[in-house]
Amino acid sequence: MPLPVTEVERELRHTRRVRFEGYKRADGLWDIEGHLSDVKSHDNPMKTGVRRAGQPIHEMWLRLTIDRHFTILDAAASSDAVPYPGGCESIAPAYKRLIGLNLIRDFRKNTRQLFAGVKGCTHLTEMLASFPTAAVQSFAGEMPEERADGRKPFQLDQCHALDTSSETVRKWYPKWHRKSKAAGGA
């Protein structure tokens, strides 16, 4: 369902696209790649010169190589279009510091500490926040939802629809459904 049509005339001025792709590698590892681009629909005067309409202001990539436990084994960053050539893209090697982190254990907190302020690139660091979800989505269908060890499926209690007291869980995961505390359940 699209957003409602606005009542006020407007003009597109900026487009940001962020895309993630997950690749299953022949060696059993996974590559999760993020790509960010910022494009203006008009000529944009900048300190470093005018960017013509349609030319990217930012064109940046991050690749994280992970194992099946979501541990980062390698990281690479690249910036092809930046507002300050010679400065922005020089931070790319710093993103190797991601190696050893785990995407599902304190990843966002750790990346904020590693790359806050001048220790990183604002745009690359913002993109990092979506890597955990992109990795989980990439693994979807690769691992059974019902765990062999009897623990509840990882996605339960991770969003409002999959609250273990919700109707969604009652219908699709009845084994894990719990009455809500508000309804007098445990």
Side-chain angles (χ1 to χ4, degrees), residues 1-3 14-39 54 56-82 88-116 119-164 166 168-169 171-173 175-176:
M1 173 179 8
L3 293 171
H14 178 81
T15 301
R16 170 169 279 188
R17 288 192 169 92
V18 182
R19 182 182 77 228
F20 290 88
E21 295 177 341
Y23 296 91
K24 186 177 183 179
R25 297 169 27 147
D27 61 3
L29 301 177
W30 290 75
D31 284 336
I32 311 299
E33 295 184 358
H35 174 234
L36 177 145
S37 69
D38 281 317
V39 176
I57 306 293
H58 298 105
E59 195 80 48
M60 302 172 159
W61 288 265
L62 269 171
R63 176 188 304 129
L64 302 181
T65 301
I66 62 174
D67 63 17
R68 292 185 66 81
H69 302 287
F70 298 92
T71 299
I72 299 170
L73 305 177
D74 197 12
S78 176
S79 297
D80 288 342
V82 294
C88 294
E89 66 276 26
S90 67
I91 195 69
Y95 286 83
K96 286 279 189 194
R97 292 185 297 186
L98 293 163
I99 295 171
L101 295 183
N102 187 282
L103 286 175
I104 56 175
R105 287 195 299 271
D106 295 322
F107 181 72
R108 291 180 180 108
K109 180 184 87 170
N110 291 332
T111 58
R112 279 191 304 273
Q113 290 172 350
L114 283 172
F115 303 109
K119 296 187 283 186
C121 164
T122 300
H123 302 88
L124 291 173
T125 302
E126 285 175 0
M127 203 172 16
L128 284 173
S130 294
F131 269 86
T133 304
V136 167
Q137 289 296 322
S138 296
F139 280 22
E142 292 289 323
M143 297 185 290
E145 287 188 62
E146 296 289 335
R147 298 175 180 190
D149 64 7
R151 289 183 297 150
K152 74 178 176 181
F154 74 92
Q155 69 271 31
L156 299 184
D157 288 326
Q158 299 301 312
C159 76
H160 81 281
L162 294 175
D163 179 334
T164 50
S166 72
T168 303
V169 171
K171 180 177 179 179
W172 298 105
Y173 300 91
K175 172 182 175 181
W176 301 101

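Bear in mind that the values here come from a model prediction, so they are computed numbers and not experimental data.
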Worksheet item: Of the non-hydrogen atoms in Leu124 and Met60, which two are nearest, and what is the gap between them?
Response: CD2-CB, 3.8 Å

Enter the distance from [X]:[atom1] to [Y]:[atom2] here, rounded to the nearest 0.5 Å.
{"X": "Asp27", "Y": "Asp67", "atom1": "CG", "atom2": "CG", "value": "11.0 Å"}
{"X": "Ser79", "Y": "Leu36", "atom1": "OG", "atom2": "CG", "value": "9.5 Å"}
{"X": "Phe115", "Y": "Glu126", "atom1": "CZ", "atom2": "CD", "value": "14.0 Å"}

Item to complete: Before giving the answer on side chain to side chain contact (heavy atoms under 4.5 Å, CB included), spell out for Tyr173 and Leu162 the whole-Å C-alpha distance, their side-chain angles and the decisive distance to 0.1 Å.
Response: CA-CA 9 Å; Tyr173 300 91; Leu162 294 175; 4.3 Å; yes

Discussion item. Here's a test for you: under side chain to side chain contact (heavy atoms under 4.5 Å, CB included), which of Asp31, Leu29, Ile72 qualifies with Ile66?
Written reply: Ile72

Worksheet item: Mind checking whether Phe131 and Phe20 have parallel, tilted or perpendicular rings, split at 30° and 60°?
Response: perpendicular

Worksheet entry | Distance-only polar pair, side chains of Tyr95 and Thr125, donor-acceptor under 3.5 Å | yes

Practice prompt. Go through the side-chain N and O atoms of Asn102 and His69 and say whether any donor and acceptor fall under 3.5 Å apart.
Written response: no

Fill in: Heavy-atom check, side chain of His35 versus side chain of Met127, under 4.5 Å
no

Worksheet item: Does Asp74 pair with Lys96 as a salt bridge, N-O distance under 4.0 Å?
Response: yes

Discussion item. Heavy-atom count check: over 12 atoms from other residues, nucleotides or ligands less than 6.0 Å from Arg25 CZ?
Written reply: yes

